[in-house]
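To start, the structure itself, in structure tokens.
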Amino acid sequence: MTIKRTAGLAVSLLLCASWQVQAAETTPLEQRVQILERKVKAMSNLILRLDALQREVQQLRGEVELQNHAMDALKKRQRDLYLDVDQRLSRVSAGQPPAAAATAPVAPAAPVQRAAATPAPVVETAPPAAPAYTPAPTPAAQPQVAAGDPAKEESAYQQAFELLMQRRYDEAHTAFSGFLGAYPEGRFADNAQYWLAEASYVTRKFDIALADFAKVLENHPDSPKVPDAMLKTGFIQYELKQWPEARATLEGLISQHPSSTASRLAKKRLQRMQSEGH
């Protein structure tokens with residue numbers, strides 16, 4: 001009996017030891033499984049967040065495309081309005097009825113005093129970009145036109161202005177120079193002189209532009225383009241770091257043309273100069 005009891009006790013001890021060893025081996029495995037489950041869960045959360053971010057990026061891209069489309073439409077409308085205002089002001093300053101067609105021939109009008117008109121909107125940047133177009137061959141110089149023909153004069157002016165709106169600045173400069181050579185005292189001479197200067201201004205040929213804007217002030221003191229020419233003169237002086245000259249020009253503009261759009265832009269530039277310590 002003693003031997004049997006001893007043998008049974010030994011077997012029990014062996015079974016207990018074996019269970020403890022198995023339990024010791026099983027516990028780390030469960031822990032590793034739990035760790036892996038937590039990691040998988042964390043990765044799943046990251047994937048979900050990444051998917052949400054991708055959807056937000058796609059939505060933002062769509063909104064940006066819509067905004068770009070709206071901006072293109074606004075630029076086209078601004079260009080059309082800019083051209084229309086310039087045409088209307090030119091006709092008013094020449095004493096021509098505003099409703100007259102652009103291409104209709106008109107009889108030469110007797111000299112009249114320029115009527116007061118609201119200046120065209122002025123922007124500090126280059127003229128608005130024109131829609132895509134197919135360039136057509138253009139002569140290097142302005143074609144010869146018959147002096148005193150109002151229809152041909154207006155057509156020549158519009159051709160030069162279209163080149164400017166199409167951002168073909170060198171060609172526009174040549175066209176406006178040819179126009180002024182053919183019509184130095186024409187109905188559109190003041191506008192042509194201004195846009196001639198503008199073609200140099202937007203390409204940062206400041207010395208040339210400064211001289212051409214000065215001709216607007218000297219040769220056409222009653223033109224609606226005078227406030228704009230003074231504004232651009234002040235802007236050029238600012239770019240050339242001629243602070244006292246720029247301040248004097250802009251303050252003169254505000255004093256002489258207080259209700260103009262150019263005057264409001266001049267006030268903003270003076271405020272900017274003050275904040276910059278100039």
Side-chain angles (χ1 to χ4, degrees), residues 75 78-79 81-90 93 114 116-130 157 160-177 179-180 188-274 276 278:
K75 286 180 179 179
Q78 183 183 14
R79 176 217 176 243
L81 289 175
Y82 207 69
L83 178 59
D84 182 66
V85 169
D86 184 75
Q87 292 174 345
R88 291 175 182 269
L89 287 176
S90 300
S93 64
R114 293 182 181 273
T118 304
V122 181
V123 292
E124 295 190 32
T125 58
Y157 174 79
F161 191 80
E162 281 294 330
L163 291 172
L164 185 71
M165 290 297 97
Q166 293 168 5
R167 306 175 74 89
R168 296 158 64 180
Y169 300 121
D170 291 338
E171 295 175 60
H173 191 280
T174 300
F176 279 120
S177 296
F179 176 86
L180 289 170
F188 306 101
D190 56 338
N191 284 23
Q193 183 64 53
Y194 175 83
W195 294 121
L196 176 69
E198 184 78 10
S200 297
Y201 173 78
V202 296
T203 53
R204 302 185 67 82
K205 299 175 183 177
F206 290 142
D207 292 336
I208 299 175
L210 200 61
D212 286 333
F213 281 127
K215 291 180 181 179
V216 176
L217 306 179
E218 294 170 3
N219 301 335
H220 309 281
D222 298 326
S223 170
K225 291 297 185 185
V226 166
D228 299 348
M230 293 181 68
L231 180 69
K232 293 301 177 65
T233 298
F235 286 170
I236 291 174
Q237 291 167 338
Y238 173 88
E239 293 290 340
L240 296 177
K241 303 186 188 310
Q242 299 174 356
W243 315 124
E245 293 84 352
R247 181 173 295 278
T249 300
L250 296 175
E251 289 177 347
L253 167 58
I254 295 171
S255 175
Q256 298 173 29
H257 307 278
S259 61
S260 64
T261 302
S263 177
R264 292 194 293 272
L265 294 174
K267 291 177 182 178
K268 291 182 179 180
R269 181 54 61 94
L270 286 173
Q271 293 172 356
R272 176 177 172 182
M273 290 177 62
Q274 184 176 1
E276 293 173 349
H278 301 311

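Here the straight-line distance linking atom CG of Leu210 with atom NZ of Lys205 works out to 15.5 Å at 0.5 Å rounding. Atom CG of residue Leu217 and atom CD of residue Gln193 lie 10.0 Å apart, to the nearest 0.5 angstrom. Rounded to the nearest 0.5 Å, atoms CG (Leu265) and CD1 (Ile254) are 10.0 Å apart. Expressed to the nearest 0.5 Å, how far NZ of Lys232 lies from CZ of Phe206 amounts to 10.5 Å. Separating the CG atom in Leu196 from the CG atom in Asn191 is a distance of 12.0 Å, to the nearest 0.5 Å. Here the CG-CG distance, from Leu253 to Leu270, works out to 9.0 Å after rounding to the nearest 0.5 Å.
The one candidate from Trp195, Tyr194, Phe188 that meets the ring-ring contact (aromatic ring centres under 6.0 Å, His included) condition with Tyr157 is Phe188.
The minimum heavy-atom distance between Ala262 and Asp228, with the atom names listed, is CB-OD1, 3.8 Å. Closest approach of His220 and Asp190 over heavy atoms only: CG-CB, 3.5 Å. In this structure, Pro221 and Val226 approach most closely via the heavy-atom pair O-CG2, 3.5 Å. Here the closest heavy-atom approach between residue Ser260 and residue Pro227 is recorded as OG-CB, 4.1 Å. Closest non-hydrogen pair, Ala246 versus Gly234, comes out as CB-O, 3.6 Å. Residue Thr249 comes nearest to Met230 through the heavy atom pair CG2-O, 3.3 Å, listed as atom of the first residue, atom of the second, then distance.
For residues 253-265, there are no salt bridge (charged side-chain N to carboxylate O under 4.0 Å, His left out) pairs, not counting sequence neighbours. Listed by first then second residue, pairs satisfying ring pair (Phe, Tyr, Trp, His ring centres under 6.0 Å) with a partner in residues 240-266 read Tyr238-Trp243, Trp243-His278, not counting sequence neighbours.
The main-chain N or O of His173 is found under 3.5 Å from a side-chain atom of Ser177 such that the two form a donor-acceptor pair. One N or O on the side chain of Thr233 and one on the backbone of Ala229 form a donor-acceptor pair closer than 3.5 Å.
Take Glu276 and apply the salt bridge (charged side-chain N to carboxylate O under 4.0 Å, His left out) test, not counting sequence neighbours, and it matches Arg272. Applying the salt bridge (charged side-chain N to carboxylate O under 4.0 Å, His left out) rule to Glu245 yields no partners; only residues at least two apart in sequence or on another chain are considered. Considering only residues two or more places apart in sequence or on other chains, Ala197 meets the side chain to side chain contact (heavy atoms under 4.5 Å, CB included) condition with Asp212, Phe213. Listed by chain and number, the residues in a salt bridge (charged side-chain N to carboxylate O under 4.0 Å, His left out) with Lys215 amount to none (sequence neighbours excluded).
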- Going through the checks in order, is the side chain to side chain contact (heavy atoms under 4.5 Å, CB included) test met by Ile236 and Glu239? CA-CA 5 Å; Ile236 291 174; Glu239 293 290 340; 5.6 Å; no
